[in-house]
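The sequence lines fix the lettering, A, B, ..., with proteins before strands; numbering per chain opens at 1. Atom set for the values below is all heavy atoms of this structure, side chains included, hydrogens, waters and symmetry mates excluded. Quantities reported herein were computed from a predicted structural model and do not represent experimental measurements.
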There are 2 protein chains.
Amino acid sequence: MGAVPRSAVTPPAAAPAPAGKRVRARRGEGERLREEILDATIELIVAEGSADRVSTRAVARKVGCTPPALYLHFPDKASLIYAACDRQFDKLGAVLHEAMDDIDDPIERLRAASLAYVHFALDHPEEYRVMMLDLSPSSMYEATLEEMAASPGFDAIVETVRDGIERGIFKPVDPMVAALMMWAAIHGLVSLRLVKGGLALPDIEVLLESCLILELDGLRATDGPDTPVHSQP
Amino acid sequence: MGAVPRSAVTPPAAAPAPAGKRVRARRGEGERLREEILDATIELIVAEGSADRVSTRAVARKVGCTPPALYLHFPDKASLIYAACDRQFDKLGAVLHEAMDDIDDPIERLRAASLAYVHFALDHPEEYRVMMLDLSPSSMYEATLEEMAASPGFDAIVETVRDGIERGIFKPVDPMVAALMMWAAIHGLVSLRLVKGGLALPDIEVLLESCLILELDGLRATDGPDTPVHSQP
DNA sequence: TGTACATCAGTGAACGCGCGTTCACTGATGTAC
DNA sequence: TGTACATCAGTGAACGCGCGTTCACTGATGTAC
């Protein structure tokens, strides 16, 4: 697949806006700076497209404080980036829960969650990249399948599959594996779109619909006991 | 999905091996250094896990030449990284073609290609990351669907789907869209495995098998004219 | 109510480092005469 | 066959820069007496 890049390394980010001095927090309000730093970090990650390209000095500039002030709230740069990304996971989880709220039919719930997922990713491409495609921040998190199934957002997907099975709408597959397959397929679509931006792919919603038809059809109980989705022993 | 990283930024790569002086190429053999530089660049990208973290000086150290020598063969760092990554796409294409060689049944051809793809990715995780997950090198490549369908590796997938349709084994879907769906699903699986390394996912081959059953089943003509895969107007 | 003082929320200057790149140069080697 | 010389394949030193982080400090502010 000879995808040939045009420019291999992004330039080192032109001289950034000096950013006005911020007013010093009053006594007892020191945590305010922490929040401002996290906001600025996310914004810079978004602007640079990668956590690796965000410097602590740039964060301080954006906030309007001096570089050492960051060290009042975070022990080092790694912890700062970590904390900023962690926020985004919570945000995605909330978006998924909200999208599935008030929908009863499991199939429509999954469809709504998928759409919400795709839109979150495309509306926040750089955050999604940092959360899901960058090696640095999140790859080393260790979790069992059970812990993962309990994480906000994913929990609702797994629960919906389980619900569909109990109601006889879905085949009696492993809900965790089925949810994983859906996640992987949609994540695959979204990442191709995000990473291979120059590729003239068909409309993402058209692709998602094809994807959902495949996935949901494979889950549906109505077409017989064949075509199993393997469950994990 | 509260995947929480343990360390958000990889350390700046400990003092690298000094690497012995290389022997100067003889007259007329200047291109040898170019190849050595590309080899070293790939190796460093693999070692660092990201093109962004590879410096021209580190490449020169690894090759055993001085930094300015790189500029005899590449105008700047971006072009160097570009050239190194481009090589890997050719490699993946060759792997896919080889895997599909001598297999007649379209279903088995697709299965073999998928397996080869997954193994290439897992055997060369850092190269795959740079090729498929990094924003920097390849995201800006502009290609139409037609150009993409002609790229080595992907061409064989599309051709196999088309062949299956002609033989009446697959439904009369758009071969390009069907190939894209397969690519996206498998790419999604592989990237979750690569990026969320700490997640105790089920065995990748088990997941791939579930994925293939879903995808191939959706393609198969035998179960009627329903469950269409949308084609692009 | 007035004032001394501890603490909070930062600042300002500096550290040593590796980076991408340029510039002037040099030594070996093949070629022409 | 011998030698002058153009060229090839690099080298060595230096440039200015931004980085992450440390250190000693300072000024405003709330509190205790």
Side-chain angles (χ1 to χ4, degrees), chain A residues 7-37 40-41 44 48 50-82 84 136, chain B residues 7-37 40-41 44 48 50-82 84 136:
Chain A
S7 151
V9 162
T10 26
K21 294 259 172 227
R22 65 169 222 126
V23 277
R24 184 187 283 241
R26 310 190 51 170
R27 227 177 144 164
E29 294 174 0
E31 288 303 292
R32 220 190 62 206
L33 179 58
R34 187 190 153 88
E35 294 307 303
E36 291 177 31
I37 290 171
T41 304
L44 283 173
E48 296 298 323
S50 150
D52 261 346
R53 289 198 279 268
V54 172
S55 73
T56 56
R57 302 171 101 107
V59 171
R61 259 193 311 266
K62 179 150 207 114
V63 168
C65 66
T66 59
L70 305 195
Y71 292 84
L72 265 50
H73 298 281
F74 305 93
D76 51 24
K77 182 187 180 182
S79 311
L80 167 60
I81 300 288
Y82 155 80
S136 17
Chain B
S7 151
V9 163
T10 26
K21 294 259 173 226
R22 67 168 221 127
V23 277
R24 183 189 284 241
R26 310 190 51 174
R27 226 175 147 169
E29 294 173 0
E31 287 304 290
R32 221 190 62 207
L33 178 57
R34 187 190 154 88
E35 293 308 302
E36 289 176 35
I37 290 172
T41 304
L44 283 175
E48 296 298 324
S50 148
D52 261 346
R53 289 199 279 269
V54 172
S55 73
T56 56
R57 301 170 101 106
V59 170
R61 260 192 309 268
K62 179 147 206 117
V63 168
C65 66
T66 59
L70 305 195
Y71 292 85
L72 266 49
H73 296 281
F74 304 94
D76 52 25
K77 184 187 180 183
S79 310
L80 167 61
I81 301 287
Y82 155 79
S136 19

Just how far, in rounded Å, is C1' of dG18(C) from CG of D52(B)?
15 Å
Nucleotide forming a Watson-Crick or wobble pair with dC15(D), both distances under 3.5 Å:
dG20(C)
What is the pairing partner of dC33(C), taking Watson-Crick or G-U wobble pairs with both distances under 3.5 Å in any strand?
dG2(D)
Rounded to the nearest angstrom, tell me the gap between atom NE2 in H73(A) and atom P in dG20(D).
18 Å
Measure from the side-chain heavy atoms of P68(A) and tell me the nearest of dA6(D), dT11(C), dC23(C).
dT11(C)
Rounded distance (Å) that lies between atom P of dG10(C) and atom CZ of F74(A)
13 Å
Kindly say if R57(A) contacts the phosphate of dT21(D), meaning a side-chain N or O under 4.0 Å from OP1 or OP2.
no
Tell me: CG of D76(A) to P of dT21(D), nearest whole Å?
6 Å
Relative to the 5' end of DNA chain C, which residue comes earlier, A25(A) or P75(B), by the nucleotide with the nearest heavy atom?
A25(A)
When you measure from the side-chain N and O atoms of T56(B) to the phosphate of dG20(C), is any distance below 4.0 Å, counting only OP1 and OP2?
yes
What's the closest nucleotide to the R27(A) side chain, out of dT11(D), dT11(C), dT7(C)?
dT7(C)
Is there a side-chain contact between E31(B) and H73(B) in this structure, where contact means two heavy atoms from C-beta onward sitting under 4.5 Å apart?
yes
Check the surroundings of atom CZ in R32(A): do more than 12 heavy atoms from other residues, nucleotides or ligands lie under 6.0 Å from it?
yes
Under 3.5 Å for both donor-acceptor distances, Watson-Crick or wobble: does dG27(C) have a partner, and if so which one?
dC8(D)
Using atom CG of L33(B) as one end and atom C1' of dA9(D) as the other, report the distance to the nearest whole Å.
8 Å
Using the side chain to side chain contact (heavy atoms under 4.5 Å, CB included) rule, pick out the option among T56(B), L70(B), V59(B), T41(B) that qualifies with K77(B).
T56(B)
Please pick, from dA9(C), dT21(D), dA6(D), the nucleotide with the shortest atom-to-atom distance to any side-chain atom of L72(A).
dA9(C)
Would you please confirm or rule out a distance under 4.0 Å between OP1 or OP2 of dG18(D) and any side-chain N or O of S55(A)?
no
In whole angstroms, how far is the P atom of dC8(D) from the CD atom of E29(B)?
14 Å
Can you tell me how far C1' of dG18(D) sits from NZ of K77(A), to the nearest Å?
11 Å
Just N and O in the side chain of R24(A): are any of them under 4.0 Å from OP1 or OP2 of dA28(D)?
no
In this structure, how many angstroms lie between the P atom of dG12(D) and the OH atom of Y71(B), rounded?
18 Å
Looking at every heavy atom in both A60(A) and T66(A), which two are closest together, and how far apart are they?
CB-C, 3.7 Å
For V63(A) and A40(A), which heavy atoms make the closest approach, and how far apart are they?
CG2-CB, 3.5 Å
Looking at R26(B), does any N or O in its side chain come under 4.0 Å of the phosphate oxygens OP1/OP2 on dA28(C)?
no
